[in-house]
**Student:** 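Let me give you the structure first, and then I'll get to my questions.
A note on names: the letters A, B, ... follow the listed sequences, proteins ahead of strands, and every chain is numbered from 1.
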There are 2 protein chains.
Amino acid sequence: MDIRKVPDDELRRLPVLAGLSDEQLARVRRAARLVELAEGEHLFEHGQRAERFFMLREGRIKLYRLSPEGDEKVIEIIRPGQSFAEAVMFMEGKRYPVSAQALVRSELVAFDNSVFLQILRESVETCFRVMAAMSMRLRARVNEIEALALQNATLRLVNYLLGELPEDAGESAEIRLPAPKNVIASRLSVQPETLSRILHQLCDKGLITVQGRTITVHDVPALRRYGGIA
Amino acid sequence: MDIRKVPDDELRRLPVLAGLSDEQLARVRRAARLVELAEGEHLFEHGQRAERFFMLREGRIKLYRLSPEGDEKVIEIIRPGQSFAEAVMFMEGKRYPVSAQALVRSELVAFDNSVFLQILRESVETCFRVMAAMSMRLRARVNEIEALALQNATLRLVNYLLGELPEDAGESAEIRLPAPKNVIASRLSVQPETLSRILHQLCDKGLITVQGRTITVHDVPALRRYGGIA
DNA sequence: GCCCGGAATTGACCCACGTTAAGGAGCGCT
DNA sequence: AGCGCTCCTTAACGTGGGTCAATTCCGGGC
């Protein structure tokens with residue numbers, strides 16, 4: 001459980017760390033910790049003071065919000081190789097705007113915000129990388145807002161599936177859902193019952209087959225047509 | 001119609017320009033243009049290549065998305081003093097993720113992205129200001145996603161009103177809607193008819209009075225209680 | 001192989017909100 | 001004053017998807 005076991009080139013695969021000098025990376029590493037979470041364990045909670053941002057090495061993390069009534073909205077499902085919560089260090093108050101919980105046993109690198117801010121002060125290139133990462137996320141959020149406001153449940157699911165397709169998807173392709181269906185449902189802002197019904201409809205239409213967490217798309221272009229443009 | 005009529009201190013009131021040296025500000029200014037839009041005129045359209053970002057001096061700008069079917073979702077209503085579209089210069093593709101249209105006759109300063117990027121390369125402080133601005137917007141978008149996913153129309157309206165209250169609002173306060181009600185409705189992702197009904201309900205409860213575009217909140221704490229936490 | 005518990009499905013019902021349609025209110029223009 | 005906008009409101013009706021309540025499915029432990 002030592003951060004030293006994480007090789008440099010794995011860290012550098014993170015866009016926001018890719019441009020660092022050996023010396024800078026060493027400083028980042030010195031202030032970083034390896035974190036292991038059991039299934040269901042929380043990494044941080046909404047409103048908590050943020051001292052770190054993260055890279056997921058193994059497992060799956062769910063970022064979500066709770067309503068006062070206890071309803072949950074999954075904002076994003078993090079997969080290995082992704083970083084998250086880098087933007088929080090620039091927010092006034094520096095409080096996490098979401099909660100983070102491990103969906104399965106997970107392993108993460110936790111980076112120290114103040115050390116990273118110090119490095120940003122020395123490295124405009126890294127600033128640019130951070131800004132690029134934040135702008136991507138911003139656009140993703142705007143897309144999500146549009147989806148919630150202008151698309152019905154079926155359209156949101158279809159577009160989600162299209163987004164989950166591998167790059168090299170040909171005529172047909174297989175998708176492995178990154179989480180149980182009830183979590184996917186919350187990510188899409190529908191009830192599990194509704195997700196189940198919509199998947200069933202798409203099966204009836206012959207567009208997909210569902211086998212547990214695996215979805216086979218039989219005719220990608222047809223699904224694309226079905227989903228409109230997005 | 002000359003950019004020179006805009007005083008330096010007005011430009012510096014923009015957070016992302018506040019830290020510039022006189023020389024840097026002069027360069028920004030040299031590459032900036034003043035833009036005037038008539039009511040209903042478009043500043044840019046979704047998908048268009050972005051060469052500039054903007055500060056609104058006068059008027060009101062609506063940022064929105066259209067669905068393929070022509071339904072409109074207003075993402076944000078810009079007011080004088082605000083800047084927007086700064087994040088686009090960092091996105092791959094550099095294409096505006098929304099459309100921008102003047103709700104009334106408007107006057108803006110259009111800044112040149114490439115000149116500003118050059119200045120960012122020289123000024124880490126300005127990078128930090130940009131990152132702070134982007135993180136605020138990111139949080140705002142996450143809040144919006146939560147609102148759409150977890151709150152009903154009434155709650156969204158109440159929280160919108162609470163957000164529009166002046167800082168120094170005491171027991172009661174007056175709000176002037178920044179746009180016609182149908183635009184506000186789209187901002188809140190409800191139909192105009194529904195907005196009208198909900199406003200009526202809140203009147204019946206004695207919480208507010210509506211007079212055209214002016215809404216008087218009679219009991220701010222009561223409204224806050226009604227709205228839950230957010 | 002059997003049991004158990006959470007996840008997923010299915011059906012019946014319901015409701016918040018959208019839709020459609022028909023006024024009404026304010027306001028600039030002639 | 002009267003016309004013709006656009007914006008807004010009101011009412012009647014329809015529906016997508018939420019809610020509730022049973023099952024059924026499935027994977028892990030023994």
**Student:** Relative to the ring of B:F44, is the ring of B:Y96 parallel (under 30°), tilted (30 to 60°) or perpendicular (over 60°)?
**Tutor:**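 Judged by the thresholds at 30° and 60°, the geometry between B:Y96 and B:F44 is parallel.
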
**Student:** Provide the closest heavy-atom pair for A:I3 versus A:R29 in the form atom of the first, atom of the second, distance.
**Tutor:**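 That would be O-NH1, 3.2 Å.
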
**Student:** State which residue, out of A:K62, A:R187, A:R65, fulfils the salt bridge (charged side-chain N to carboxylate O under 4.0 Å, His left out) condition with A:E72.
**Tutor:**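 With A:E72 as partner, A:K62, A:R187, A:R65 yield a single salt bridge (charged side-chain N to carboxylate O under 4.0 Å, His left out), made by A:K62.
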
**Student:** Measure CD/B:E69 against C1'/C:dG18 and give the value in whole Å, please.
**Tutor:**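 Roughly 15 Å, once rounded to whole Å.
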
**Student:** Measure the distance from CD on A:E39 to P on C:dG5 and round it to the nearest whole Å.
**Tutor:**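 In whole Å, C:dG5 P and A:E39 CD are 17 Å from each other.
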
**Student:** Could you state the CD-P distance from B:Q211 to D:dC7, rounded to the nearest angstrom?
**Tutor:**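 B:Q211 atom CD is separated from D:dC7 atom P by 20 Å.
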
**Student:** Encode nucleotides 17-30 of chain D as B, S and - characters from 5' to 3', where the letter depends on protein heavy atoms closer than 4.0 Å: B to the base, S only to sugar-phosphate, - to neither.
**Tutor:** SBBBB---------

**Student:** Residues of residues 172-186 of chain A with any non-hydrogen atom less than 4.0 angstrom from an atom of DNA chain C: list those, numerically ordered, please.
**Tutor:**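 Heavy-atom contacts with DNA chain C come from A:P180, A:K181, A:N182.
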
**Student:** With A:E107, which of A:R60, A:R33, A:R57 fulfils salt bridge (charged side-chain N to carboxylate O under 4.0 Å, His left out)?
**Tutor:**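 Passing option: A:R57.
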
**Student:** When you check the gap from the basic side-chain N to the acidic O, do B:E144 and B:K73 get nearer than 4.0 Å?
**Tutor:**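 B:K73 and B:E144: salt-bridged.
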
**Student:** Atom CG of B:L155 to atom P of C:dA16: distance rounded to whole Å?
**Tutor:**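 Atom CG in B:L155 sits about 14 Å away from atom P in C:dA16.
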
**Student:** Between P on C:dT9 and CG on A:D204, what's the gap in Å once rounded to a whole number?
**Tutor:**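 So the CG-P distance, A:D204 to C:dT9, works out to 13 Å.
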
**Student:** Without decimals, in angstroms, what is the distance between A:R213 CZ and C:dT9 P?
**Tutor:**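 A:R213 atom CZ is separated from C:dT9 atom P by 12 Å.
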
**Student:** Is A:H200 close enough to C:dT10 that one of its side-chain N or O atoms is under 4.0 Å from OP1 or OP2 there?
**Tutor:**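 A:H200 to C:dT10 OP1/OP2: side-chain N or O found under 4.0 Å.
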
**Student:** Without decimals, in angstroms, what is the distance between A:L148 CG and D:dG16 C1'?
**Tutor:**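 Rounded to whole Å, this separation is 15 Å.
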
**Student:** Are any side-chain N or O atoms of A:R213 and backbone N or O atoms of A:K181, one a donor and one an acceptor, separated by less than 3.5 Å?
**Tutor:**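 A pair under 3.5 Å: no.
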
**Student:** Any salt bridge linking B:E164 with B:R79? Criterion: basic side-chain nitrogen under 4.0 Å from a carboxylate oxygen.
**Tutor:**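 Yes.
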
**Student:** I'd like to know if A:E86 pairs up with A:R137 as an ion pair, taking the criterion as any Lys NZ or Arg NE/NH1/NH2 lying under 4.0 Å from an Asp or Glu carboxylate oxygen.
**Tutor:**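 A salt bridge is present here (some side-chain N lies under 4.0 Å from a carboxylate O).
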
**Student:** Regarding B:T209 and B:H218, do their side chains bring together a donor and an acceptor under 3.5 Å, going by distance alone?
**Tutor:**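 Judged by distance alone, the side chains do pair up.
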
**Student:** Specify the angle, to 10°, made by the local axes at the two ends of the helix from C:dG1-D:dC30 to C:dG23-D:dC8 when five pairs are taken at each end.
**Tutor:**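 Rounded to the nearest 10 degrees, the bend comes out at 40°.
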
**Student:** Can you see which heavy atom on B:G59 is nearest to which on B:L56, and at what distance?
**Tutor:**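 Smallest heavy-atom distance, with atoms named: O-CD2, 3.6 Å.
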
**Student:** With salt bridge (charged side-chain N to carboxylate O under 4.0 Å, His left out) as the criterion, how do B:R95 and B:E45 come out once you've worked through the C-alpha distance, each side chain's angles and the decisive distance to 0.1 Å?
**Tutor:** CA-CA 9 Å; B:R95 296 184 181 279; B:E45 307 253 12; over 6 Å; no

